[in-house]
Amino acid sequence: MEFYFNLLQYFKKIVSEASERVETVDESFEPQMRMADERFGDFQANGALPYAKKNGLNPRELAESIAAKTTSSDLWEISIAGPGFINFKLKPEFFLTWLQELGDMEDTKRHLLADSPRRVVLDYSGPNTAKQMHVGHIRSTIIGESLARLLALQGHAVIRDNHLGDWGTQFGILLYAIKRCDISLDKLGEEPVAFLEDLYRKGNDLVKKFPEALDKARLELVKLQNGDQENLSLWQKIRDLSLETFNQVYELLGVRFDYAHGESFYRDQVQGVYSVLQKYEICTEDQGALVVFHPEHKRFAKQPFIIRKSDGASNYATTDLATLAFRKKEWDAEHIIYVTDGRQRDHFEQLFMTVKKWFQVERVECPTLSHVWFGTILGEDNKAIKTREGQPVKLMDLLVEAVERAKAMVQEKNPELQEEEVERRAKIIGIGAVKYADLSQDRTLDYVFSWDKMLALQGNTAPYLQYAVARIHSLFRKVGKERSNLASTSSTPQSDSEKKLARKISFFPLAIEQTTKELKPHSLCVYLYELATEFSSFYNQEKVMNEDQDTQNLRLFLCAKTQIILELGLDILGIETLEEM
RNA sequence: GCUCCUGUAGUUCAAUGGAUAGAACAUUGGUCUCCGGAACCGAAGAUCUGGGUUCGACUCCCAGCGGGAGCGCCA
């Protein structure tokens with residue numbers, strides 16, 4: 001039998017083929033294969049119901065005739081239930097074979113490879129320079145990193161681009177404040193970016209109060225954009241300082257980028273955007289600005305996409321257009337994924353519509369464009385956490401606190417452990433907890449920031465999953481057997497918990513499929529948590545170190561497979577694991 | 001005003017239109033001579049309201065009500 005990594009697809013194919021052998025069924029039949037509730041089996045085809053209804057057939061009879069035409073196998077049982085569900089119940093031998101075919105970690109990774117790899121650009125994190133990262137930045141960074149890992153593991157050529165906000169109007173104010181206060185960027189103390197952020201805030205207050213200050217700030221911005229040497233070198237230094245600060249966060253989070261081009265990288269390309277869109281008459285002048293309307297759209301017919309401000313300056317619509325063109329032209333991107341706040345949905349919808357028109361005129365194939373948006377992190381007042389109002393939690397502070405709390409826990413459990421090792425474990429556990437807290441809920445939902453939520457170490461958390469992994473490592477240390485010697489185990493899952501665990505492991509490809517399709521890491525989290533729960537239950541119920549060698553081998557085998565899936569799954573989430581906790 | 005997102009146990013979250021809506025935290029009862037208790041087993045507890053589509057609706061449509069967001073020179 002050929003190995004099918006994704007069992008849902010396998011049974012879907014089987015039912016499809018069976019349906020072709022039934023006279024009353026044509027090619028419009030959809031199996032509607034689903035995971036089944038344990039009570040009914042392992043997979044179920046629901047397609048007979050709607051098809052029978054639509055074609056005036058008896059659903060139960062139709063289901064039975066499809067089942068009758070299904071290739072028989074002694075590895076599963078097929079049955080009809082209720083009004084016409086076709087249920088597949090797999091036998092323990094099936095699961096054993098499947099797990100054997102799954103192989104080791106390398107084999108498992110090979111099964112994940114996509115049929116047709118693509119060049120994918122992932123645009124995530126994107127903090128503004130001269131500002132610190134606060135908790136509001138965590139989602140893009142963590143979700144983006146996870147998706148990058150997910151796609152890279154499937155063999156796609158992933159380009160990670162940190163699209164920094166390094167060319168905004170904030171520099172006018174900042175440069176003005178720097179000059180006015182005669183500040184040296186080489187002497188900003190321990191936290192240079194915190195200093196700059198503060199300086200910006202003060203400058204912002206100033207320009208609000210005094211119109212002449214605003215004029216001067218604008219002048220600085222114009223000078224910068226016109227290539228004034230002094231301003232350019234100040235700007236560059238600010239950018240370098242900011243990147244250094246960001247990198248501290250990225251290092252702690254285990255995030256790395258291939259590029260950090262940022263908006264400034266495209267500053268010489270905006271002119272080209274104006275002229276090309278004008279040439280194709282995609283944009284028009286309106287109230288002194290250059291804008292794009294989309295008459296076919298109910299809102300964007302009236303709501304403009306401003307690509308050049310009335311003062312002649314570019315904005316983020318301009319740079320995003322230039323960026324997209326660059327990614328297509330220079331990187332040959334086939335898919336571009338933007339991971340940003342949901343409040344920018346209109347912007348991206350307009351951006352995508354505009355680019356599609358542009359590329360269509362040029363007969364250039366437009367990359368698949370995905371806006372992976374997420375909900376806002378709210379403060380206790382139910383309003384978005386923002387830099388200017390109140391004091392939002394700095395991202396670095398959150399991460400440090402997470403590691404501290406984990407450290408206390410590690411020390412409590414291992415009083416004799418060396419400091420260095422305590423630190424290492426605390427980092428993996430604490431950072432893992434923070435990441436998991438964010439990844440494990442549907443990204444489209446808002447949530448109120450809470451220390452306790454981000455730092456929880458019990459229940460549905462990363463440490464729970466890491467703990468399961470650590471226990472498996474511990475077990476193998478104790479037994480002293482090699483995982484690779486277990487593949488030939490001949491006994492099949494017998495007990496209830498053995499069977500349930502084997503079954504759950506076999507659903508891993510489905511979780512990956514779902515996560516990839518929706519670009520929602522929380523589906524994977526849900527699966528991994530269920531797997532870990534199934535494992536814990538199994539582990540509690542069944543003695544692995546059993547006198548009976550066949551039983552022991554089987555149980556060790558199941559542990560080994562569980563470990564692979566948990567480690568691989570957590571790796572996709574960007575969460576590390578430990579051999580001991 | 002227009003548009004979008006959202007409403008599930010006390011709380012925080014799950015549930016590609018499928019069968020008896022799952023978890024975690026909190027509450028509560030047990031496991032405690034156990035391969036790691038960061039654990040396991042049990043109890044109690046929920047789909048905002050009203051219509052509609054469907055063999056079947058937390059899910060899709062319409063109308064309310066509640067929460068949030070976007071809507072011309074911020075990103």
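Naming: A, B, ... by sequence-line order, numbering from 1 per chain.
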When rounded to the nearest Å, what value does the distance between [atom1] atoms of [N] and [M] take?
N	M	atom1	answer
B/U47	B/U59	P	13 Å
B/A23	B/U8	C1'	13 Å
B/C25	B/A46	C1'	16 Å
B/U54	B/G22	P	28 Å
B/C58	B/A15	C1'	8 Å
B/G17	B/C35	P	45 Å

Mark yes or no for whether [X], through its side chain, and [Y], through its backbone, hold a donor-acceptor pair below 3.5 Å.
X	Y	result
A/R139	A/I377	no
A/Y527	A/K504	yes
A/T577	A/E567	no

Starting at atom [atom1] of [X], determine the distance to atom [atom2] of [N], rounded to an integer number of angstrom.
X	N	atom1	atom2	answer
A/F535	B/C35	CZ	C1'	10 Å
A/D442	B/C13	CG	P	11 Å
A/Q32	B/G17	CD	C1'	8 Å
A/K383	B/G68	NZ	P	5 Å

Judged by modelled atom types alone, do [X] and [Y] share a side-chain donor-acceptor pair under 3.5 Å?
X	Y	answer
A/N46	A/Q44	yes
A/S537	A/N540	no
A/T129	A/S242	no
A/S264	A/D166	yes

So does [X] get a side-chain nitrogen or oxygen closer than 4.0 Å to the phosphate oxygens (OP1/OP2) of [N]?
X	N	value
A/H522	B/A15	yes
A/S537	B/C41	yes
A/Y527	B/A14	no
A/K478	B/G36	yes
A/Q287	B/G72	no
A/Y447	B/C5	no
A/K302	B/U3	no
A/K453	B/C25	no
A/K54	B/U54	no
A/S474	B/G36	yes

(message) What I want to check is whether an N or O donor and acceptor connect the side chain of A/Q44 with the base of B/A19 at under 3.5 Å.
(response) yes
(request) With RNA chain B as reference, determine whether A/M409 or A/I86 sits nearer its 5' end, using the nearest nucleotide of each. (result) A/I86
Is there any protein nitrogen or oxygen under 3.5 Å from a nitrogen or oxygen in nucleotides 6-8 of chain B, and what are the pairs?
none

(request) Answer yes or no as to whether B/A19 has its base stacked against A/F85, where stacking requires a ring-centre separation under 5.5 angstrom and planes under 30 degrees apart. (result) yes
(request) Kindly determine whether A/D438 and A/K453 satisfy salt bridge (charged side-chain N to carboxylate O under 4.0 Å, His left out), including the steps that lead there. (result) CA-CA 9 Å; A/D438 201 308; A/K453 179 177 177 145; over 6 Å; no
(request) Counting heavy atoms from C-beta on, name the nucleotide in B/C35, B/G37, B/C41 closest to the side chain of A/Y539. (result) B/C35
